[in-house]
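These notes are about the structure you will find just below.
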Amino acid sequence: RRLGRSKEVMRQVINKAKRRSQLSTQHIESKTSPMEKPASPGPLRIAFPEGDDKRIMRAAARIVKEGIGKPVLFGKSDEIQALAKQLSVNLEGIDLLDSQTHPQREDLAQQFFAMRARKGVTLAEARRYMLRRHYYAPMLLLRGEVEAVVCGETYHYPDSIRPALQILPLAKGISHASGLYMLLFKNRLIFCADTTVNITPDAETLAEIALSAADTAHRFDIEPRVALLSFSNFGSVKHSLVDLVQAAVKILHRRRPDLVVDGEMQADTATNEDILSSTYPFSRLKEDANVLIFPDLTSGNIAYKLLVELGGAEAIGPILTGLSKPYHVLQRDASVDAIVNIAAIAAVQAQEIELSQQA
Ligand code: ACO
């Protein structure tokens, strides 16, 4: 039953990716004279640095079949072809890219050197970095050679995300990337952040995490009701960790008076409308929150995993927010479904970026 619900939500995202893809092509065609080359012709290219992984390969075939985009699988082409044969995966509609022999490698090394020379990187080191797929993929994304990257299937999360943080600019007005999960329960859907990136955020960062999560909820056509969580309810405990959350709430109230957001509050207050209305009628949150902001990564990461393992939630993510281009780091050993879901989310984001640039 839970799987059915998750599929329904992701079906909507996938359909959105397809619809946007068609819209974008029409938009580009209508704005382009016959002599001009469209900015991004054809399906969206989604790079997978771990292209020679079995699950990635199976997911790539599904991505083509669903019409979400064109996967670009990194790896040695003879090895990928042999594995595809063994798995009976059809490689039609999929591009293969070997970063070791790719013709743009020296160019990318020079560009990486120019970007990182004042961060202690020498040209020789830049060339070595470009032998690493997790550096090569965000460089291709930066240059617009691909429109999205999905990685992390076989690497530790920090090792997959660090290259993107070093290479890709942040989105306008954002100073920290952060990560969230969408959790689907039988009768409700909640967003949890930050579950993957910022270990001990300060008040400014916490406020930004909340804004990014609220914007993501909007993207899924969900009106955000945001709660900043703590072990205290509206000043019931005096402690510096509570002060930090209160400071973040103040920033949010000042910066986004339109947003339904409040705190600090305990998790049961945030998710139980009766407690909110009976004990805290002054709260700006009148209904249970659907965006939960944790005070640090320890609580966020532990909470979402417990909700999945013991609370019966179906998790979609992690969704990385705050970067100017779609770059997502999977949880290690993500399932084929999870990979396809993240690719669909990346495709929707890529289309939004493309449309905003064309506007
Ligand atoms: N947003 C934007 N840029 C950032 C951020 C951020 N939140 N954090 C770091 N950076 C940038 C830095 O500015 C720096 O850029 P520069 O080299 O151009 O100056 C670069 O990233 C490296 O930053 P460092 O300060 O050296 O930090 P480090 O590389 O050690 O760590 C990282 C960054 C990897 C995000 C770290 O904070 C981390 O490990 N976070 C936790 C990840 C994790 O383990 N998550 C839980 C598991 S995931 C799961 O369960 C699905």
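As the structure lists them, so they are numbered: ligands from 1, and atoms in each ligand from 1.
Within the structure, the salt bridge (Lys or Arg N to Asp or Glu O under 4.0 Å) test picks out the following pairs touching residues 109-130 (sequence neighbours left out): E106-R127. Listed by first and then second residue, the side chain to side chain donor-acceptor pair (under 3.5 Å) pairs that reach into residues 78-97 come to none, sequence neighbours excluded.
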Give every pair formed by an N or O atom of ligand 1 and a protein N or O atom closer than 3.5 Å, one pair per line with both atom names and the distance to 0.1 Å, or write none.
residue	atom	partner	partner atom	Å
ligand 1	1 (N)	A177	N	2.8
ligand 1	7 (N)	A177	O	3.2
ligand 1	7 (N)	N198	OD1	2.9
ligand 1	17 (O)	R116	NH1	3.4
ligand 1	17 (O)	R116	NH2	2.8
ligand 1	18 (O)	R116	NH1	2.7
ligand 1	19 (O)	K119	NZ	2.7
ligand 1	29 (O)	R162	NE	2.4
ligand 1	40 (N)	V197	O	2.9
ligand 1	45 (N)	T196	O	2.8
ligand 1	50 (O)	N301	ND2	3.0
ligand 1	50 (O)	K305	NZ	3.4

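Of the N and O atoms on the side chains of T216 and T321, not one donor lies less than 3.5 Å from an acceptor on the other residue.
Transitive grouping of hydrophobic side chains (ILVMFWY, heavy atoms separated by less than 4.5 Å) brings I319 and V150 into a common cluster.
The aromatic rings of F234 and F282 sit perpendicular, their planes meeting at an angle over 60°, well past the 30° parallel limit.
Membership of an apolar cluster is not assigned to I251, as no side-chain contact below 4.5 Å to another ILVMFWY residue is traced.
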